[in-house]
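Predicted model, so just to flag it, every value in this text is computed and none were measured.
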Amino acid sequence: MALFFSITLLVAILGMVSLVAVKRWEIKTGSVVFGGVRPAVGRVCATTLLWVERIIPALVRIYGRRAWRTALASAHRAIAHAVLYAERLLERTLVYIRHVTSSAPRRSGEVSAFLREVGEHKKRLLKSSQVRVRKVVQE
């Protein structure tokens with residue numbers, strides 16, 4: 001790792017020294033290195049900077065919003081399908097329960113004395129509560 005950083009430092013130092021040497025030579029002689037190419041390079045750099053600074057971030061923003069909206073719509077659809085599936089499952093369960101309870105075997109014959117007493121007691125309670133309700137309503 002230290003060797004890598006040492007080589008990188010050496011290359012950077014050589015690059016800086018060569019730039020200083022070229023600039024010094026340009027100042028002494030009055031000629032410009034790659035003078036005819038510099039305007040074209042400037043235009044390419046300006047166009048590249050425009051794309052990097054303005055256009056690409058705008059495109060990322062636009063397509064990011066579009067992707068977010070699409071993801072929300074997909075999640076909404078998925079949740080709606082899940083709710084509909086749960087509703088169908090509950091309806092099937094209800095139909096099954098109705099089928100099972102309606103087709104339960106019924107015994108024909110006389111009811112036990114205990115069940116008869118419970119039924120009579122319920123009837124008396126219902127009648128007494130209805131009488132109380134009528135009295136309250138009349139008052």
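Annotation: the span from T101 atom OG1 to Y96 atom OH amounts to 10.5 Å, rounded to 0.5 Å. Note that the CZ atom of F4 and the CG atom of L9 stand 11.5 Å from one another [nearest 0.5 Å]. How far CZ of R61 is from CZ of R66: 14.0 Å, rounded to the nearest 0.5 Å. We find the CZ-CG distance between R77 and L72 to be 11.0 Å, quoted to the nearest 0.5 Å. Note that the CG atom of L50 and the SG atom of C45 stand 13.0 Å from one another [nearest 0.5 Å].
For the residue pair T93 and L89, the shortest heavy atom distance occurs at OG1-O, 2.8 Å. Considering every non-hydrogen atom in both G15 and S18, the closest pair reads O-OG, 2.8 Å.
Under the 4.5 Å side-chain heavy-atom criterion for grouping Ile, Leu, Val, Met, Phe, Trp and Tyr, I56 is connected to Y63 within one hydrophobic cluster. No continuous path of ILVMFWY side-chain contacts below 4.5 Å connects I13 to I7, so the two sit in separate hydrophobic clusters. In this structure, Y85 is not a member of the same hydrophobic cluster as L94, with clusters built from ILVMFWY side-chain heavy atoms closer than 4.5 Å.
Residues near M16 contribute nothing to a hydrophobic cluster around it, because no ILVMFWY side-chain heavy atom sits closer than 4.5 Å to its side chain. Applying the under-4.5 Å side-chain rule to Ile, Leu, Val, Met, Phe, Trp and Tyr, the cluster around V37 extends to V22, W25, V33, F34, V41.
The pair K123-E120 fails the salt-bridge criterion, with no side-chain N (NZ, NE, NH1 or NH2) lying under 4.0 Å from an Asp/Glu carboxylate O.
For the pair P39/R43, a side-chain contact is recorded, criterion being any heavy-atom separation below 4.5 Å from C-beta on.
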